[in-house]
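Keep in mind it's a predicted model, so treat the numbers as computed, not measured. Lettering of chains follows the sequences in order, A, B, ..., and the numbering in each one begins at 1.
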2 protein chains.
Amino acid sequence: MLNIGDVARQGGVSVETLRYYEQQGLIETPDRDANGYRKYAPEVVRHIQFIKRAQDVGFTLRDIGDLLSLKADPGASCSDVRDRALGKLSEIEEKIDVLSRMRDVLGTWTNACPSTGPVSACPILDALEARKGPANADR
Amino acid sequence: MLNIGDVARQGGVSVETLRYYEQQGLIETPDRDANGYRKYAPEVVRHIQFIKRAQDVGFTLRDIGDLLSLKADPGASCSDVRDRALGKLSEIEEKIDVLSRMRDVLGTWTNACPSTGPVSACPILDALEARKGPANADR
DNA sequence: GTAAACCCTGTAGTATACTTTAGGGTCAAG
DNA sequence: CTTGACCCTAAAGTATACTACAGGGTTTAC
Ligand SMILES: [Zn+2]
Ligand SMILES: [Zn+2]
Ligand SMILES: [Zn+2]
Ligand SMILES: [Zn+2]
């Protein structure tokens, strides 16, 4: 059995994060020792790594809670999980699209800026001031 | 002279947002009428659109405050503005990189999931459970 | 026997860009 | 002359995922 500090070290998170996850219902409430200390089974470390890996691919803690429910539900099907993953994939692609448009516009603008001379003649500020650049083509 | 509601409608923001921008120093403090109402010159609408366009390409309100300072500073040079734009461009590219990696991993996982059968055999959950996928190759 | 390192609870703070609420004046139309 | 639309301030709430703080008990090693 592990103390919270052991779990934190092995899981690569802080003890505060562990208490937070517990409070959010992402890890099961651990038993307590006579002194009130949380006592964890070693497998909780894997559980925390599940959460961290899910975060790494873009799932929020709320999403992860849903995934854990599915995982624990014998009636749930593979497609339920896949649907969450596909939904997240769409969200991510949407974000990439938005950012790519920003990148394109900013790239155009920075290319147009001579980098010399006063700000009063800066094409970047010009583009921001008037509706000239393609920045807001769709808004 | 315009009331705050007029400016809000013409600028495509809420009156609360206008008061917030004022409080944040992003738009100059307007004169007040005898009744205490804010009275705006029509050009403030353009000013708001500057802010919105800058947000559209990824600048935060803090960034925008900096840009406005540069714009107002006769001693500032074009390269100052360009530097901000290039910095933002890097930030955006970094975000795109992170998201692209998430997309690739999630894509691989969803392709591996047969979408039929119980969750206990879902390769997506498998990938999250164990250190198997390329999700955390660099962490 | 005491100091460091650890554990506990509960609450508040962080960042961003607003939105909402509470409580209350002002103005224009009918 | 009242109703609805509009304006005002100040403070608190929203979302996310923690982090920090205050105040205090426990364990371990010297
Ligand atoms: Zn320039
Ligand atoms: Zn599956
Ligand atoms: Zn009221
Ligand atoms: Zn203390």
Output yes when at least one side-chain N/O atom of [X] is less than 4.0 Å from OP1 or OP2 of [N], else no.
X     : N      : result
A/S14 : D/dT19 : yes
A/Q55 : D/dC18 : yes
A/T17 : D/dA17 : no
B/N3  : D/dC6  : no
B/Y21 : C/dC18 : yes

Atom pair CD1/CG of A/I96 and A/L89 - distance to nearest 0.5 Å = 8.5 Å
Could you check how far [atom1] of [X] sits from [atom2] of [N], rounded to whole Å?
X     : N      : atom1 : atom2 : result
B/D33 : D/dC8  : CG    : C1'   : 13 Å
A/I27 : D/dC18 : CD1   : C1'   : 14 Å
A/Y20 : D/dA15 : OH    : C1'   : 10 Å
B/I4  : C/dT26 : CD1   : P     : 17 Å
B/I64 : C/dA17 : CD1   : P     : 8 Å
A/R62 : D/dT16 : CZ    : P     : 5 Å
A/Q23 : C/dT11 : CD    : C1'   : 11 Å
B/R19 : C/dT20 : CZ    : C1'   : 12 Å

First encountered from the 5' end of DNA chain D, between B/R32 and B/R9 | B/R9
Please tell me which of A/N35 and A/E16 maps to the more 5' nucleotide of DNA chain D, matching each residue to the nucleotide holding its nearest heavy atom.
-> A/E16
Testing A/I64, A/D56, A/L67, A/I51 for side-chain contact (heavy atoms from CB on, under 4.5 Å) with B/L128, which one passes?
-> A/L67
For B/R38, which contact category applies under a 4.0 Å heavy-atom criterion: base, sugar-phosphate, or nothing?
-> sugar-phosphate
Please work out if A/Q24 contacts a base, only the sugar-phosphate, or nothing of the nucleic acid, heavy-atom cut-off 4.0 Å.
-> nothing
Examine the side chains of A/D66 and A/S69 and answer whether a donor and an acceptor come within less than 3.5 Å of each other.
-> no
Among side-chain atoms of A/T60 and A/D63, is any donor-acceptor pair under 3.5 angstrom?
-> yes
Let me know, please, whether B/T60 or B/Y37 comes out on the 5' side of the other along DNA chain C by nearest nucleotide.
-> B/T60
Of A/G36 and B/L61, whose closest DNA chain C nucleotide lies nearer the 5' terminus?
-> A/G36
Should we say atom CG of A/D31 is surrounded by more than 12 heavy atoms from elsewhere, each under 6.0 Å from it?
-> no
